[in-house]
Number of protein chains: 2
Amino acid sequence: MRSEELPEIRHLHLFRDMAQANFEALMASSYAQSFPQGLEMARQGDPADFLHIVLEGSVELFAQWSGRECTMAVVRPVSTFILAACIRDAPYLMSARTLERARIILVPAADLRAMFRHDTEFAVSVINELAACYRSVVRSAKTLKLRNSRERVASYLLRQSILAGGVASYVLPVEKRLLASYLGMTPENLSRTLRMLEADGVKVDGARVIITDREKLTTLARPDRLIDGPDAVADATGSALPNIDFASGV
Amino acid sequence: MRSEELPEIRHLHLFRDMAQANFEALMASSYAQSFPQGLEMARQGDPADFLHIVLEGSVELFAQWSGRECTMAVVRPVSTFILAACIRDAPYLMSARTLERARIILVPAADLRAMFRHDTEFAVSVINELAACYRSVVRSAKTLKLRNSRERVASYLLRQSILAGGVASYVLPVEKRLLASYLGMTPENLSRTLRMLEADGVKVDGARVIITDREKLTTLARPDRLIDGPDAVADATGSALPNIDFASGV
DNA sequence: CTGATGGTTTGATATATATCAAACCATCGG
DNA sequence: CCGATGGTTTGATATATATCAAACCATCAG
């Protein structure tokens, strides 16, 4: 692991409050690894041996069943994923693959479990992290059950704009194919929906999103604090598909 | 609070491992309350002042958006709900209403937060509980995204049979209207789906479910350990709609 | 026993969404 | 520059699901 990386990791909410010596001990038993693009680094059902920390690149978390597959989240630096599985010493509920070349820190799950018994501040951090993750998936489930696909797309586009600082134009952080899967719809349906939304205050040209009438879009998307955030966590990192915190569990 | 109720609460995973004195302190600041049927005891968006423990009766957790509403979970004795909101000192993401007369213990959230800083065993229990809750919602999200409504119904019916001990016949624990909402479909669609499933090994007559051909039903439902469980937690209580643990967060 | 209530079922229909196929288009290695 | 690759869009169509309306049926208070 490179020395300049340690402060980045230390800065995460999860590791921010623990004793320095304990942080160092945890890092000493961890190691970095680089993965090429498109590599499946964890498969659902596998035992959770390591907490993963993304330092560079991006990772897709996805689920499979009966030959079907869907994107659950995209994790970007600097954040962690599959915390929950590590804690419960249980099989991963999702698979993970790199979307681009990625640099990952692997923290042995056993050391993690030992550590929060030993360092109360760390235990509190884990509690806060898990609670935030939980709430994030609940939001996600609410969006799936309460909004139709047009509303999901509209609220996603609006939310991304807000996350980017309220800008009127930005670039989609992921391929549309992947976005469609994340939003629970087919690429074709997303494509058509985007076209239809031109009448509602957003235009999407390639990967470029332009909000032409924010008020109109807001009327359609009906953003809700209890679904779309903001939530306290937000890790202040490069937010991707979901509010980053969403990803950390599995 | 009645003296015979304390052991029941103490028996929950969440409270099982903490020091006796600490448990007593927590209970001393808590109080019991009975709610009539159909009462909305918590509304989404409200500040999370209390952890709720269901001792008798049952509670529906539901979410609302834009005039629509859907059932997220049903909580039965003895288990807790809205842990995550309490921990983060954040607004509830779901509302709660009694499905029948219910007896609830209210544990002040502030005391809870103070306690896990003070009692490491309790902190570890909270960690485990939250991790289990997280995994449970992820399973739920997977079912919503990967299975169509017929598959959701089939796997639900099969899962309930297994939870009841592998019986061939059992009674639905909730109204069909509510079950439909939980499964993300309309009552009419559920009704028709149940009729169609008679060709696939289950018959539902009123609230009575009869599995006529388990193998056939299994072929259709394709139960998956990473969606349908079993999961370690399972609290061994009267499991309701979801694996109980699913409910505890919010 | 009886009427009122509210959940359930059924039928007819509309709408949302998926599927299939083909064209299109950007990207990238040679 | 070119052809191959893989994502995207478009059109035609099928399917799943929701909606609306009415009938049905269990439960319960009077």
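The figures that follow rest on heavy atoms only: side chains count, while hydrogens, waters and symmetry mates do not. In what follows, every chain begins at residue 1, and chains take the letters A, B, ... in the order their sequences are listed.
- Per the geometry, CD belonging to A:Gln37 stands 11 Å off P belonging to C:dG29, to the nearest Å.
- Looking at heavy-atom distances under 4.0 Å, A:Arg192 makes contact with a base.
- Look at A:Thr186 and you won't find any side-chain N or O under 4.0 angstrom from OP1 or OP2 of C:dT17.
- The distance between atom CG of B:Asn189 and atom C1' of D:dC20, rounded to the nearest whole Å, is 15 Å.
- Residue A:Met185 contributes atom CE, which lies 19 Å from atom P of D:dA16 at whole-angstrom precision.
- Atom CZ of A:Arg152 is separated from atom C1' of C:dT17 by 10 Å (rounded to the nearest Å).
- A distance-only check finds no donor-acceptor pair linking the side chain of A:Ser58 to the backbone of A:Val75 [under 3.5 Å].
- The phosphate of C:dA16 (OP1 or OP2) has no side-chain N or O of A:Asn148 nearer than 4.0 angstrom.
- The partner of D:dA22, taking Watson-Crick or G-U wobble pairs whose two distances both stay under 3.5 Å, is C:dT9.
- At whole-Å resolution of the value, CG in B:Asp205 and P in D:dC25 are 12 Å apart.
- For the side-chain contact (heavy atoms from CB on, under 4.5 Å) with B:Leu194, the qualifying choice from B:Val202, B:Leu179, B:Leu157, B:Asn189 is B:Leu157, the only one to do so.
- Rounded to whole angstrom, the span from the CG atom of A:Leu183 across to the P atom of C:dA16 amounts to 18 Å.
- Of the residues B:Arg152, B:Arg147, B:Lys142, the one that meets the salt bridge (charged side-chain N to carboxylate O under 4.0 Å, His left out) test with B:Asp228 is B:Arg147.
- In this structure, A:Ser149 reaches the C:dT17 phosphate: one of its side-chain N or O atoms is under 4.0 Å from OP1 or OP2.
- B:Arg101 forms no cation-pi arrangement with B:Phe35, by the criterion of a distance under 6.0 Å to the ring centre and an angle within 45° of the ring axis.
- D:dG7 atom C1' lies 6 Å from atom CD of A:Glu175, rounded to whole Å.
- What separates CZ of B:Arg177 from P of C:dT8 is a distance of 7 Å, to the nearest Å.
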